Amino acid sequence: SPGENVKVGKTIYAKHCKSCHGNAGLGDGPKAKMLKTSAGDFSSAKFQAQSDGVLYYQSFIGRDEMPNYESKIEDDEDRWAVIDYLRSLKK
């Protein structure tokens with residue numbers, strides 16, 4: 001169910017993403033200040049306007065300071081659950 005996916009995604013996010021991206025996806029995690037670039041604001045209209053495919057690519061393939069997470073989050077259902085969770089952060 002969508003609600004269950006968001007819960008699973010939140011758990012995975014807390015483990016792998018929160019340290020840079022923050023509790024609510026505002027880009028204010030404790031490690032964010034060590035980055036050269038902004039960790040982004042997942043609640044913003046600009047972020048939310050991106051397609052699921054773009055979010056998937058950015059989240060798991062990564063680029064620049066965003067590392068590749070394919071080996072850390074191997075299960076495709078888990079990856080899509082993270083995307084569902086990111087969608088739940090919109091304002």
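Predicted model, so just to flag it, every value in this text is computed and none were measured.
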- request: State the CE-CG distance between Met66 and Leu35, to the nearest 0.5 angstrom.
  value: 10.5 Å
- prompt: Between Ala39 and Gly27, what is the shortest heavy-atom contact and its length?
  reply: CB-CA, 3.8 Å
Test item: Ser43 and Lys90 side chains (from C-beta on) under 4.5 Å apart, heavy atoms: no
- prompt: Do the side chains of Tyr56 and Asp76 get nearer than 4.5 Å, heavy atoms only?
  reply: yes
task: Could you tell me whether Asp64 and Lys36 make a salt bridge, using a distance below 4.0 angstrom between a side-chain N and a carboxylate O?
output: no
message: Using the rule given for side chain to side chain contact (heavy atoms under 4.5 Å, CB included), can you reason through Ser59 versus Leu86, listing the C-alpha separation, both sets of side-chain angles and the distance that settles it, and then say yes or no?
response: CA-CA 10 Å; Ser59 300; Leu86 296 180; 3.9 Å; yes
query: So, does Arg63 use its side chain to make a donor-acceptor pair with the main chain of Gln58 at under 3.5 Å?
result: no
task: Search all heavy atoms of Val6 against all heavy atoms of Asp84 and return the closest pair with its distance.
output: CG2-O, 3.8 Å
statement: Closest non-hydrogen contact found for Gln50 with Val54 is OE1-CG1, 3.5 Å
message: Do Glu70 and Arg79 have side chains that approach each other closer than 4.5 Å (heavy atoms only, starting at C-beta)?
response: yes
query: So, for Gly25 and Leu89, which heavy atoms are closest and what is the spacing to 0.1 Å?
result: CA-CD1, 4.1 Å
message: In the structure I gave you, are the side-chain heavy atoms of Val8 and Trp80 within less than 4.5 Å of one another anywhere?
response: no
- prompt: Could you walk me through whether His21 and Leu26 pass the side chain to side chain contact (heavy atoms under 4.5 Å, CB included) check?
  reply: CA-CA 6 Å; His21 292 291; Leu26 302 178; over 6 Å; no
- prompt: What distance do Cys17 atom SG and Asn23 atom CG have between them, rounded to the nearest 0.5 Å?
  reply: 12.0 Å
message: What's the separation between atom CZ in Phe60 and atom CG in Asn68, rounded to the nearest 0.5 Å?
response: 10.5 Å
field: Atom of Asp28, atom of Gly22 and distance for their closest heavy-atom approach
entry: OD1-CA, 3.4 Å
message: Could you walk me through whether Arg87 and Asp52 satisfy the side chain to side chain contact (heavy atoms under 4.5 Å, CB included) test, starting with their C-alpha distance in whole Å, then the side-chain angles of each, then the deciding distance to 0.1 Å, before giving a yes or no?
response: CA-CA 9 Å; Arg87 291 291 185 207; Asp52 286 352; 2.8 Å; yes
message: Once rounded to the nearest 0.5 Å, what's the spacing between atom CG of Asn5 and atom OG of Ser88?
response: 11.0 Å
- request: Could you tell me which non-hydrogen atom of Glu74 sits nearest to which non-hydrogen atom of Ser71, and how far apart they are?
  value: CG-O, 3.4 Å
query: Mind checking whether Tyr13 and Phe42 have parallel, tilted or perpendicular rings, split at 30° and 60°?
result: perpendicular
- request: Kindly indicate whether the side chain of Lys31, heavy atoms from C-beta on, has any atom under 4.5 Å from the side chain of Met34.
  value: yes
- prompt: What's the verdict on side chain to side chain contact (heavy atoms under 4.5 Å, CB included) for Val82 and Tyr69, showing C-alpha distance, side-chain angles and the deciding distance?
  reply: CA-CA 12 Å; Val82 171; Tyr69 271 81; over 6 Å; no
task: Answer yes or no: is there a donor N or O on one side and an acceptor on the other, between the side chain of Lys33 and the main chain of Pro30, under 3.5 Å?
output: yes
message: Closer than 4.0 angstrom, basic N to acidic O: yes or no for Asp41 and Lys91?
response: yes
